[in-house]
Amino acid sequence: MESKRQQKHAKLIQKELGDIFQKEAKHLIGKAMITITRVMVSPDLGFAKVYVSFLLADPKSTYELINDHKKEIRLHLSKRIGKSVRVIPEIAFFPDDSATYAQYMDKVISDLNIPPAPPEEDEEDEEDEA
């Protein structure tokens, strides 16, 4: 379980990375929309796992591009949070496939062929009473 301090740092990093991808790193991602879905920070606050999901882009190529420019993104992060934290964490990006999985499960459920429920047995009960 994360401490309150870890949660506070994770929220700060999540917010700032979202802003960085909207403003400073626009040249990296083009028209793609990147969502920082979750950030987990190590107990010593020196390492952050960042889970990202992508819209309007090829997830694999965008993910590789982000990983190639990790140092540049960390530099932008340090400019934003350098005054409020002691250590700028190392960042590791991981793809978040929860939205893709949710779409897949929605499709599977909608494609199910569920027969209608059998009629109620109220009619038989009425005949037995007569």
Side-chain angles (χ1 to χ4, degrees):
M1 188 169 130
E2 292 184 329
S3 68
K4 290 205 184 279
R5 188 173 180 211
Q6 285 172 286
Q7 291 172 356
K8 183 179 172 185
H9 273 70
K11 285 182 183 178
L12 176 66
I13 291 168
Q14 183 175 5
K15 177 188 173 298
E16 295 301 333
L17 281 176
D19 287 347
I20 288 169
F21 281 123
Q22 284 182 347
K23 298 172 184 163
E24 286 95 6
K26 201 68 169 160
H27 67 282
L28 294 177
I29 58 173
K31 293 181 180 180
M33 290 181 60
I34 295 181
T35 305
I36 311 298
T37 56
R38 191 165 144 206
V39 176
M40 295 177 66
V41 182
S42 65
D44 67 351
L45 307 176
F47 185 77
K49 289 182 180 179
V50 179
Y51 292 88
V52 294
S53 71
F54 307 100
L55 283 170
L56 307 172
D58 176 35
K60 191 171 187 172
S61 63
T62 309
Y63 174 71
E64 289 172 1
L65 191 62
I66 289 172
N67 262 337
D68 292 343
H69 292 88
K70 209 181 323 191
K71 291 189 187 289
E72 180 183 341
I73 294 168
R74 186 171 181 246
L75 177 67
H76 287 297
L77 184 64
S78 71
K79 289 178 183 176
R80 288 173 167 258
I81 67 171
K83 303 272 189 209
S84 58
V85 298
R86 189 177 296 170
V87 176
I88 307 300
E90 288 292 326
I91 300 172
F93 290 103
F94 296 95
D96 183 20
D97 298 329
S98 60
T100 307
Y101 182 71
Q103 287 176 342
Y104 169 74
M105 289 306 296
D106 189 39
K107 183 182 179 305
V108 167
I109 291 170
S110 65
D111 289 346
L112 288 176
N113 185 12
I114 301 173
E120 295 287 325
E121 295 185 9
D122 291 339
E123 296 171 6
E124 291 179 16
D125 292 339
E126 291 174 9
E127 290 174 5
D128 291 339
E129 291 175 5

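Side chains are part of it too, since the values below use all heavy atoms of this structure and drop only hydrogens, waters and symmetry mates. Quantities reported herein were computed from a predicted structural model and do not represent experimental measurements.
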Residues Ile66, Ile34; criterion side chain to side chain contact (heavy atoms under 4.5 Å, CB included); working and verdict = CA-CA 10 Å; Ile66 289 172; Ile34 295 181; 3.3 Å; yes
note = Residues Val41 and Gln6: closest non-hydrogen pair is O-NE2, 2.7 Å
key: Which atom of Gln22 lies closest to which atom of Lys26, heavy atoms considered   = O-CD, 3.7 Å
When you measure from the side chain of [X] to the backbone of [Y], do you find a donor-acceptor pair of N or O atoms at a distance under 3.5 Å?
X	Y	value
Glu64	Ser61	no
Thr37	Tyr51	yes
Gln14	Ile36	yes
Arg74	Ile91	no

inquiry  = Please evaluate residues Leu65 and His69 with respect to the criterion side chain to side chain contact (heavy atoms under 4.5 Å, CB included), reporting the C-alpha separation (whole Å), side-chain torsions for both, the decisive distance (0.1 Å), and the verdict.
reply    = CA-CA 6 Å; Leu65 191 62; His69 292 88; 3.7 Å; yes
Arg80: salt bridge (charged side-chain N to carboxylate O under 4.0 Å, His left out) partners, not counting sequence neighbours = Glu16, Asp19, Glu24
request  = Give a yes or no on whether Tyr104 atom OH has more than 12 heavy-atom contacts from other residues, nucleotides or ligands under 6.0 Å away.
outcome  = no
ask   = What is the distance from atom OG of Ser3 to atom NZ of Lys8, rounded to the nearest 0.5 Å?
value =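 The NZ atom of Lys8 is 11.0 Å from OG of Ser3, to the nearest 0.5 Å.
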inquiry  = Could you walk me through whether Thr35 and Phe21 satisfy the side chain to side chain contact (heavy atoms under 4.5 Å, CB included) test, starting with their C-alpha distance in whole Å, then the side-chain angles of each, then the deciding distance to 0.1 Å, before giving a yes or no?
reply    = CA-CA 9 Å; Thr35 305; Phe21 281 123; over 6 Å; no
query = Does Leu77 share a hydrophobic cluster with Val87, counting links as ILVMFWY side-chain heavy atoms below 4.5 Å and allowing steps through other members?
reply = no
query = Can you get from Tyr63 to Ile20 by hopping between Ile, Leu, Val, Met, Phe, Trp and Tyr side chains that sit under 4.5 Å apart?
reply = yes
task = Please name all residues satisfying side chain to side chain contact (heavy atoms under 4.5 Å, CB included) with Ser84, sequence neighbours left out, ordered by chain then number.
result =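 Testing Ser84 for side chain to side chain contact (heavy atoms under 4.5 Å, CB included), a comparison that skips the adjacent residues, returns Leu12, Ile81.
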message = What I'd like to find out is whether the side chain of Ile13 reaches to under 4.5 Å of the side chain of Pro89, using heavy atoms alone.
response = yes
ask   = Less than 4.5 Å apart, any side-chain heavy atom of Leu17 and any of Val50?
value =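 Yes. Closest side-chain heavy atoms under 4.5 Å.
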From Asn67, Ile73, Asp68, residue fulfilling side-chain contact (heavy atoms from CB on, under 4.5 Å) relative to Lys70 =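 Looking at Asn67, Ile73, Asp68, the match for Lys70 under the side-chain contact (heavy atoms from CB on, under 4.5 Å) is Asn67.
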